[in-house]
Structure formats: structure tokens, C-alpha cells
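Numbering of ligands and ligand atoms starts at 1, following listing order. Quick caveat, the model's predicted, so the values are computed rather than measured.
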Amino acid sequence: MSRVTVGPAATELAGEEFARLLRPGDVVLLSGPLGAGKTTFVRGLARGLGVSERATSPTFTLVRQHRCHNDRGIATLHHADVYRVTSLDEVLDLALGELVEEAAVAVVEWGELAAPVFGADVVTVSIAVTSDEGRTIDVDGAGARDRAEAMARWAS
Ligand code: ADP
Ligand code: MG
């Protein structure tokens with residue numbers, strides 16, 4: 001399932017609309033090169049979950065928690081960025097697995113590095129840069145397949 005965006009506002013909107021498909025306990029692994037728009041996507045996703053403060057890149061803190069205000073049972077957004085992590089050992093040290101909570105959603109930038117921690121039941125979002133302002137956002141993963149219809153609507 002993929003969605004094309006032109007400009008950061010469109011990626012933010014894609015993130016906001018994507019948030020409506022999320023359920024408590026979901027783990028979203030974001031991949032794509034530096035500057036692809038991962039943080040931009042999360043900013044919209046946070047808005048879609050009813051986070052009131054602005055989502056900034058957590059690069060220096062690795063994980064940030066945001067309180068959510070929605071009626072879907074998602075009380076917390078964990079936003080991690082493992083860009084600076086260089087080995088799987090370090091990923092394991094971060095204990096990211098603990099971010100998987102019943103009433104929370106975890107979103108991980110450079111999530112492909114952390115994939116072994118989470119196993120198969122994740123949603124993957126890959127952002128490809130196609131031009132200055134153009135991005136293609138691909139959604140996949142076992143966690144996405146059971147809501148393929150909603151995803152297809154998100155993509156169209
Ligand atoms: P990442 O977290 O992947 O490193 P950011 O979201 O921090 O990326 O930054 C994306 C950069 O690309 C921003 O400077 C943004 O203005 C720019 N940009 C241009 N077009 C887009 C687009 N379609 N979607 C997202 N960002 C875009
Ligand atoms: Mg980022």
C-alpha cells in the first residue's frame with residue numbers, strides 16, 4: 001500500500017490519517033534515509049492521536065513519551081529514534097520491547113535497525129525520496145495486513 005506526497009504538509013496529513021488506523025499495542029517501524037520525512041510523518045501521526053505538544057525529533061533523547069487524547073484507548077505515544085544506535089546490542093540495551101504497552105502506540109524512526117526486537121507483528125512505514133518535495137510512503141508488515149482495506153483507503 002503506498003501513498004505519494006508532495007511537500008511536508010502532505011506527509012504530515014498522511015501521518016495524521018494513518019493514525020486513525022492504529023490500535024492500542026501497535027508498533028510502527030519507520031524507515032527511509034535522513035531527511036525522508038520520518039519525523040514529519042510522526043508529527044502528523046501524533047496530531048491524529050490527539051497529542052497536543054509538537055513532536056520533535058527525539059534523536060538526542062532516543063525515546064519520548066507523549067500523552068494522547070483520543071477515544072480509541074491509546075493513551076501514550078512512544079516516539080523513538082535509533083539513528084545513533086550502531087549495534088543490535090545497543091538496540092537491546094534500549095529495552096524498546098518495553099514500549100509495547102496495552103494502551104500505547106510505539107513509533108520507531110530507523111525502525112529497521114530495531115526490527116529484531118519487535119518480531120513480526122509490526123507495521124512498517126518506508127519513505128522513499130523521489131524528488132525535492134516528492135515522497136512515496138509504503139505501508140506493510142504483518143500488523144498492517146489485518147486492516148488492508150482501511151490501508152487501501154488511506155493509500156488512495
Ligand atoms: P527524517 O526524520 O526522515 O530525517 P524529517 O521529517 O526530519 O526527516 O525532514 C524531512 C525534510 O524534508 C524536511 O526538511 C521537509 O521540509 C522536507 N520535505 C520536502 N518534501 C517533503 C515531503 N513530501 N514529505 C516530508 N518531508 C518533505
Ligand atoms: Mg527524524
Side-chain angles (χ1 to χ4, degrees), residues 1-22 25-70 74 76-101 104-118 122-141 143-144 147 150-156:
M1 239 75 75
S2 70
R3 175 157 159 171
V4 170
T5 67
V6 180
T11 294
E12 223 176 294
L13 181 64
E16 184 175 359
E17 292 180 7
F18 180 78
R20 293 188 199 134
L21 310 176
L22 293 176
D26 274 338
V27 173
V28 180
L29 304 182
L30 282 160
S31 64
L34 200 63
K38 300 180 293 299
T39 300
T40 304
F41 185 86
V42 175
R43 195 167 289 144
L45 188 154
R47 202 200 303 141
L49 292 180
V51 172
S52 39
E53 77 276 35
R54 181 182 165 90
T56 50
S57 172
T59 297
F60 297 101
T61 50
L62 289 168
V63 188
R64 265 186 200 162
Q65 270 72 246
H66 302 276
R67 188 184 304 276
C68 304
H69 305 277
N70 57 68
I74 302 170
T76 309
L77 168 64
H78 298 288
H79 178 194
D81 186 326
V82 297
Y83 178 54
R84 276 159 208 282
V85 172
T86 52
S87 70
L88 185 57
D89 277 350
E90 274 184 73
V91 171
L92 294 173
D93 283 348
L94 285 173
L96 292 176
E98 287 172 16
L99 301 184
V100 185
E101 281 183 60
V105 162
V107 175
V108 185
E109 294 190 46
W110 302 94
E112 70 274 27
L113 301 173
V117 175
F118 294 107
V122 296
V123 180
T124 59
V125 174
S126 324
I127 308 180
V129 179
T130 52
S131 68
D132 240 18
E133 295 262 281
R135 305 289 188 270
T136 300
I137 306 170
D138 261 298
V139 174
D140 203 354
R147 54 198 116 164
M151 293 285 178
R153 258 179 274 122
W154 171 85
S156 66

inquiry  = Minimum distance, heavy atoms only, to atom 27 (C) of ligand 1: which one of Arg135, Glu109, Arg43, Glu12 is it?
reply    =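 Selected option, by shortest heavy-atom distance: Arg135.
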
inquiry  = Can you check which of Gly32, Gly15, Gly134, Pro8 brings a heavy atom nearest to atom 16 (O) of ligand 1?
reply    = Pro8

query = Ala10: heavy atom below 4.0 Å from ligand 1, yes or no?
reply = no

ask   = Under 3.5 Å, N or O to N or O, is Val6 touching ligand 1 that way?
value =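 Between Val6 and ligand 1 (N or O atoms, distance only) the closest approach is not under 3.5 Å.
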
task = Report yes if Gly35 has an N/O atom closer than 3.5 Å to an N/O atom of ligand 1; otherwise report no.
result =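 Yes; the residue has a nitrogen or oxygen that sits under 3.5 Å from a nitrogen or oxygen of the ligand.
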
Atoms of ligand 1, numbered as shown, that sit under 4.0 Å from any heavy atom of [X]:
X	result
Thr40	5 (P), 6 (O), 9 (O), 10 (C)
Asp132	19 (C), 20 (N)
Thr11	22 (C), 23 (N), 24 (N), 25 (C)
Pro33	3 (O)

message = Taking side chain to side chain contact (heavy atoms under 4.5 Å, CB included) as the definition, give me every residue that meets it alongside Ala104, ordered by chain and number, with sequence neighbours left out.
response =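 Side chain to side chain contact (heavy atoms under 4.5 Å, CB included) list for Ala104, sorted by chain: Thr76, His78, Glu101.
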
For [X] and [Y], which heavy atoms make the closest approach, and how far apart are they?
X	Y	value
Thr5	Ala14	CG2-CB, 4.3 Å
Gly143	Val123	C-CG2, 3.7 Å
Val100	Gly25	CG1-O, 4.0 Å

ask   = Can any side-chain N or O of Ser126 pair as donor or acceptor with the backbone N or O of Ser31 at less than 3.5 Å?
value = no

query = Has the side chain of Lys38 got a donor or acceptor atom that lies under 3.5 Å from a matching backbone atom of Gly32?
reply =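 Checking the backbone N and O of Gly32 against the side chain of Lys38, a donor-acceptor pair under 3.5 Å is found.
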
key: Metal proximity, Thr40 vs the Mg ion (ligand 2), N/O/S cut-off 2.8 Å   =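 No - counting backbone and side chain alike, Thr40 has no N, O or S atom under 2.8 Å.
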
request  = Please state whether the rings of His66 and His79 are parallel, tilted or perpendicular, taking 30° and 60° as the class boundaries.
outcome  =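 Rings of His66 and His79: tilted, as their planes differ by 30° to 60°.
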
ask   = Can you list every side-chain hydrogen bond (donor to acceptor under 3.5 Å, both in side chains) pair that touches residues 127-137, not counting sequence neighbours?
value = none

ask   = In Glu109, which N, O or S atom comes closest to the Mg ion (ligand 2)?
value =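 Going by distance to the Mg ion (ligand 2), the closest N, O or S atom in Glu109 is OE1.
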
